[in-house]
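These values consider heavy atoms only, across backbone and side chains, with no hydrogens, waters or symmetry-generated copies.
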Amino acid sequence: MQFSHILLLAALAGPVATPALAGAQTLDITIANTGSETLRCRAATAHWFSVDMGDVGPGESLSYSFGVDVQTGGVFQLNDRGDHMAVQRIWCGEKGNDWPSRAEIRMERRAGVEPQAVRLNCASDKGKTACVAP
């Protein structure tokens, strides 16, 4: 087979997954606000950026997904340029005071382990937020 035909076949076959993305999954998180205060949920990513996941009013729910490389256990969010931004931590707290009143959202980050969906009921009371599994 001629080299030009091999290139044509490769082009028609489409892109091939790279090994770094072959084990990619998602970490799906759902937060239900069971309290009376609006919650703001955020994630700290690589280079200390803070990403808003959104606000959750009383009686509302918020769902969000992050990428996970199962081979390494790394949790990431794609930025607007397609770069993987490592997720360092995720939290929810009272809107306007989310960091001091935060509850940390635990993430499974072990190499070779597929993440389970995280579903939590969260409520803030007197400047403290607590999240529990339903």
Side-chain angles (χ1 to χ4, degrees):
M1 185 178 264
Q2 292 180 342
F3 184 69
S4 61
H5 289 136
I6 293 171
L7 288 177
L8 177 61
L9 286 174
L12 292 174
V16 177
T18 62
L21 298 177
Q25 300 285 325
T26 60
L27 171 61
D28 300 319
I29 298 173
T30 301
I31 304 296
N33 185 346
T34 57
S36 59
E37 301 292 327
T38 296
L39 300 176
R40 170 157 293 158
C41 298
R42 297 181 189 239
T45 61
H47 308 295
W48 302 106
F49 289 106
S50 181
V51 177
D52 269 333
M53 294 169 49
D55 294 342
V56 190
E60 296 177 348
S61 293
L62 170 72
S63 294
Y64 206 83
S65 294
F66 293 100
V68 175
D69 184 333
V70 175
Q71 293 174 349
T72 66
V75 177
F76 62 89
Q77 181 182 25
L78 291 177
N79 68 11
D80 57 352
R81 294 183 354 211
D83 299 324
H84 288 201
M85 303 293 286
V87 175
Q88 306 297 321
R89 62 184 352 148
I90 304 168
W91 70 91
C92 293
E94 287 181 13
K95 183 177 180 177
N97 193 35
D98 61 278
W99 181 254
S101 66
R102 74 190 176 280
E104 298 270 340
I105 309 302
R106 299 188 72 180
M107 299 178 282
E108 181 69 59
R109 293 190 281 192
R110 291 187 298 151
V113 176
E114 289 190 34
Q116 298 295 313
V118 175
R119 289 178 181 22
L120 296 171
N121 291 337
C122 298
S124 188
D125 184 36
K126 299 177 186 167
K128 288 264 190 198
T129 303
C131 296
V132 296

If you round to the nearest 0.5 Å, how far is [atom2] of [Y] from [atom1] of [X]?
X    : Y    : atom1 : atom2 : value
I105 : T129 : CD1   : OG1   : 9.0 Å
M53  : D98  : CE    : CG    : 11.5 Å
Q77  : M85  : CD    : CE    : 8.5 Å
C92  : D55  : SG    : CG    : 10.0 Å
E60  : I31  : CD    : CD1   : 13.5 Å
Y64  : L27  : OH    : CG    : 11.5 Å

Handout entry: Min side-chain heavy-atom separation C41-L62 under 4.5 Å
Key =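 Side-chain contact under 4.5 Å: yes.
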[X] side-chain N/O to [Y] backbone N/O, donor-acceptor pair under 3.5 Å:
X   : Y    : value
T72 : G74  : yes
T30 : R119 : no
N79 : D83  : yes
N33 : V56  : yes
D69 : Q71  : yes
Q88 : A44  : no

Practice task
Take the angle between the ring planes of F76 and H84 and call it parallel below 30°, perpendicular above 60°, tilted in between.
Solution key: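 Answer is parallel, since the angle falls under 30°.
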Practice task
Could you name each residue pair satisfying side chain to side chain donor-acceptor pair (under 3.5 Å) that touches residues 104-113, not counting sequence neighbours?
Solution key: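 Only R89-E104, R102-E104, E108-R110 qualify under side chain to side chain donor-acceptor pair (under 3.5 Å).
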Exercise for the section: Test W91 against every option in C122, S50, S101 by the side chain to side chain contact (heavy atoms under 4.5 Å, CB included) rule and name the one that passes. Expected result: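 Of the listed residues C122, S50, S101, the side chain to side chain contact (heavy atoms under 4.5 Å, CB included) partner of W91 is S50.
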